[in-house]
Amino acid sequence: MAVEGGAPNTIASEGPPSTIPEISGSSSPQMTPAITPSKSSDVLPQITPAIIPTVVPTAIVREVLTEGNYRYWRTCIKRYLVGQGLYDVCRMSYKHPHKGKEPEAYYDWKKKNAMALHAIQISCSREMLSQIMGIKQANEAWDFLKRYAKPTFYFDEPFGGLQEQQPLAHPSTGNGDNFSQYEKLRQALYSGSWKDIELFIRSNENAVRAKILPTGLTPLHIAAGAGHVEIVANLVEKLSPEDLEEKEYVQGYTALAWAASDGITEIAQSMIKKNSTLANISDMDQILPVVIASSLGKREMTRFLYSHTRSEELAPEKGTNGASLLSYCIASKFLDLALDIIQKHPRLAVTLDMDDLIPLYAFGQMPSLFKSGSQLWFWQRWIYSCISVNPDHASDRVQVNVDDDTARDDRNKTGKVLRQLMLRLSYPVELLGIKNIHQKKLRNAQATKLLQLICNDLQSQKTNMIVGYRVHQAVIQAVKQGNVEFVTGMIKSIPELVWNLDINDRNIFFIAILNRQEEIFSLLHGLTSVKKKKMTSVGDRFDNNMLHLAAMLAPSDKLEGISGAALQMQRELQWYQEVESIVPPICKDTRNSDGKKPSEVFSEQHADLVKEGEKWMKEIANSSTFVSALIVTIMFAAAFTIPGGNNDKGAPIFLENKLFLVFVVSDSISLFSATTSVLMFLGILTSQYAEVKFLTRLPTKLIIGLSTLFVSIAAMMIAFCAALAILLKESSTKVVMIPIILLACVPVTLFALLQFPLLVNICISTYGPGIFDRTIERWY
């Protein structure tokens, strides 16, 4: 029986040879900084697949195609097709020969088509394969998967296949293309020597505006790219406003566009002062300088260029500049600019940008913009509540409000004191991170207002099918990323979104389970009983109910955030039991299209995790047992070799000393604690590692073992210090004991730093409040 999400054993009419070498390569498609960024908390996160398959490597690709790994899959499969000479038949522009007129060419194409189609099919997951089973031509299957699996929207214009742009031929410069005469000028421009530049320009007046490189760069281009502020200002004085509009040949950049890439605002200011229309001149791809600056995260440059760009240039009907600028501003967290843009052009939120995505899509993938995505300590949360912000302004000034039940005068007085302290004590403010907390709260307030403006616009206007689909896709991605505020806000503005299904007939709660987004899933408790029943009683296109999806293995990025395979298994069991408590009882015995119950799916997909959890716990138990046994041996021996020895009657000499009582008590505590620890770890080593044992029984043993081990180490150090204090003379005790006590604290501190965080995580995960919120208020 095929594993869901794996590579099916699908055989085409004619296939490739039985032995196919694995071919890997670098990325083929161009990556954009905002929509497809690196993994970082400050940028857009990676897109999470809608289904978590059991990834089965094939001879062609290491991972079969799912909804979220199209770019990686395309790179691998394309290199394979090119290497086998099959990629031509996958192009939409390829026309297959006529069977009657060119029979040999036709049969050759038929063979290549079958081989390419077979390679594509066996490299797809079950969900993707079901979408192309009826397609007979490789180029149609390739184009369909590009539309279907890649997170883009092609509703506005048809896709005509892959087309590679050729560099534009540049016109003649009128000087015989003799660029060697400008060699000294170029060197002076790169080195920043204005004296040499001015000397050259005096001998050749036209050089200041000439194309001095085959790529069409002028001296102003080079100076702007090199970041020479003063040289740019001097060159601008010698040029006319029209000269500043000259473009180079490769990308059609003006000198201002080059400056926008570097982000040096002073250079842009000198150019705009000379020619105020420069900010509205686009390159050969019709991209404005402000979009270039925002795509590279140049905050000040983006602000400056935006203030000199005509508002009508960013309108939806003028092209993709407005939507692209909004997407990049959201991705770069320039939310004050995003607010201004959306207030002037509300429809940009659902307009396609140059990456064929809508800004709303980028907004949904950034939960860190909202309060729920901010991780704060308890004292940081108190500071957060005391800070007031104005979402209409991006100010670095921190304002503090203290809400209390006392009189208003006392409240104002306290606020004034805090403000004065923050103004005068800059170092403590930086130490406590108050400025960062202020910026975080300002960003949260701006994101909330931006979402409200978008929702108000969607409510006020009738949403057509295309826009509705785009919004739905944005919500789906927000669910995958756990963006709670975004999801609830969009559903409140467009209620039917809660009932919409994705390509696999899964609602938002199904997707939340697959991607282990507990905050999104907890929203289910905020629905009425009728709506909750409707949500939990349905199945997807593969007859999986909610419990089947909870039985599937969590995404790797979610598991990696939990320390230890045993705790990962515990979290998976918690998810399964939580979903099991919500779904109708009949769902427990319902079989999916593979004929498997939820419990069978859980056992199958978590078999490896159970083994890893057993190995992890036994490794901890083995190492800890050795330490505990060593402490038992030492403390047992110390009980009979007491400090100072015994008198003639067998009684301890220092029996009347108070420190002797400390020694005896701490020695006993250390001995008993270490013995208990040994027994607990032995229990872990001999335990039965069934799936359900990872929920509470095994973690409880680990908690007791680590806790008693920590107590035994601490008590052993106390007994050691007490014994030394008894033996040392009173005259020297005060001088020697302090450094001894400090040194004795070192092993205890090291153990606390290394093992105590793990102990706390186990306690919270096992006996804490849990990750699910069943007390959520009704929101829909």
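Below, each value reflects all heavy atoms present in this structure, side chains not excepted, and no hydrogens, waters or symmetry copies.
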Walk me through whether Phe363 and Phe486 qualify under ring-ring contact (aromatic ring centres under 6.0 Å, His included). CA-CA 8 Å; Phe363 196 21; Phe486 183 90; 5.7 Å; yes
Taking it one step at a time, do Lys440 and Asn444 satisfy side chain to side chain contact (heavy atoms under 4.5 Å, CB included)? CA-CA 6 Å; Lys440 187 183 293 292; Asn444 297 158; 4.0 Å; yes
Quick one, Ile582 with His525, criterion side chain to side chain contact (heavy atoms under 4.5 Å, CB included). Give me CA distance, side-chain angles, the key distance, then yes/no. CA-CA 9 Å; Ile582 292 177; His525 297 293; 3.5 Å; yes
Would Phe521 and Val579 count as a side chain to side chain contact (heavy atoms under 4.5 Å, CB included) here? Give the steps. CA-CA 9 Å; Phe521 179 75; Val579 176; 3.9 Å; yes
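Closest approach of Met546 to Val583, counting heavy atoms only: CB-CG1, 3.7 Å. Minimum interatomic distance between Lys333 and Leu369 (heavy atoms only, all atoms of both residues): CG-CD2, 3.7 Å. Across all non-hydrogen atoms, the minimal contact from Ser677 to Ser628 is OG-OG, 2.9 Å. For the pair Leu145 and Trp73, the tightest heavy-atom approach, listed with the atom from each and the gap, is CD1-CH2, 3.9 Å. Contact detail for Asn483 and Gly364: the closest heavy-atom pair is ND2-O, 3.2 Å. Contact record, Ile508 with Val479: O-CG1, 3.4 Å, taken as the closest heavy-atom pair.
Side-chain N or O atoms of Asn504 include none that pairs as donor or acceptor with a backbone N or O of Arg506 at under 3.5 Å. In this structure, Asn545 contributes its side chain and Gly539 its backbone to no donor-acceptor pair below 3.5 Å. For the pair Asn507 (side chain) and Phe509 (backbone), a donor-acceptor distance under 3.5 Å is present. Side-chain atoms of Ser125 come within 3.5 Å of backbone atoms of Leu65 as a donor-acceptor pair (strictly under, hydrogens ignored). A distance-only check finds a donor-acceptor pair linking the side chain of His548 to the backbone of Lys596 [under 3.5 Å]. In this structure, the side chain of Glu572 engages the main chain of Ala554 through a donor-acceptor pair within 3.5 Å. No side-chain donor-acceptor contact under 3.5 Å links Thr766 to the backbone of Cys763. One N or O on the side chain of Gln574 and one on the backbone of Ser765 form a donor-acceptor pair closer than 3.5 Å. Looking only at distances, no side-chain donor or acceptor of Glu519 sits under 3.5 Å from a matching main-chain atom of Val484.
Using modelled atom types, one finds a donor on one side chain and an acceptor on the other under 3.5 Å when comparing Thr775 with Asp773. Counting only N and O atoms by type, the side chains of Glu691 and His606 include no donor and acceptor under 3.5 Å apart. In this model, no donor atom of one side chain and acceptor atom of the other lie less than 3.5 Å apart for Tyr767 and Thr696. Under the 3.5 Å distance criterion, with hydrogens and angles disregarded, a donor-acceptor pair is assigned to the side chains of Asn592 and Asn544. Side-chain contact of Arg774 with Ser581: a donor-acceptor pair under 3.5 Å is present, judged by distance alone.
Residues Leu514 and Lys480 have side chains not in contact (no heavy-atom distance under 4.5 Å, counting atoms from C-beta outward). The shortest side-chain heavy-atom distance between Phe681 and Leu706 falls under the 4.5 Å cut-off. Side chains of Lys618 and Glu614 form a contact here, defined as non-hydrogen atoms less than 4.5 Å apart. With a 4.5 Å cut-off on side-chain heavy atoms, Trp142 and Ile77 count as touching. Ile771 places a side-chain heavy atom less than 4.5 Å from the side chain of Arg571. Residues Leu671 and Ile631 have side chains not in contact (no heavy-atom distance under 4.5 Å, counting atoms from C-beta outward). By the 4.5 Å heavy-atom criterion applied to side chains, Lys597 and Lys588 are not counted as neighbours. Taking 4.5 Å as the limit, some side-chain heavy atom of Ile620 sits within range of a side-chain heavy atom of Leu758.
Note that OH of Tyr689 is 7.0 Å distant from CZ of Phe694, once rounded to the nearest 0.5 Å. In this structure, Met717 CE and Leu743 CG are separated by 10.5 Å, a value rounded to the nearest 0.5 Å. Note that CD1 of Ile684 and CD1 of Ile704 are 9.0 Å apart. Values are rounded to the nearest 0.5 Å. In this structure, Ile503 CD1 and Asp540 CG are separated by 11.0 Å, a value rounded to the nearest 0.5 Å. Here the straight-line distance linking atom CD of Glu604 with atom CG of Asp594 works out to 8.5 Å at 0.5 Å rounding.
A salt bridge is defined here as a Lys NZ or Arg NE, NH1 or NH2 lying under 4.0 Å from an Asp or Glu carboxylate O, and Lys371 with Glu485 fails to meet this definition. A salt bridge does not link Glu518 with Lys558: every distance from a Lys NZ or Arg NE/NH1/NH2 to an Asp or Glu carboxylate oxygen is 4.0 Å or more.
Between Trp575 and the choices Arg516, Gln570, Met552, the side-chain contact (heavy atoms from CB on, under 4.5 Å) rule is met once, by Arg516. The only member of Leu698, Leu609, Ile562 that meets side-chain contact (heavy atoms from CB on, under 4.5 Å) when paired with Met569 is Leu609.
The aromatic rings of Phe710 and Phe756 are tilted relative to each other, their planes meeting at an angle between 30° and 60°. Between Tyr576 and Phe602, the two ring planes are tilted [angle within 30° to 60°].
The side chain to side chain donor-acceptor pair (under 3.5 Å) pairs that include a residue from residues 665-674 number zero, where partners must be two or more places apart or lie in different chains.
Sparse packing is recorded around CZ of Arg697, with 12 or fewer heavy atoms of other residues, nucleotides or ligands lying under 6.0 Å away. The environment of Leu754 atom CG is dense: over 12 non-hydrogen atoms of other residues, nucleotides or ligands sit within 6.0 angstrom.
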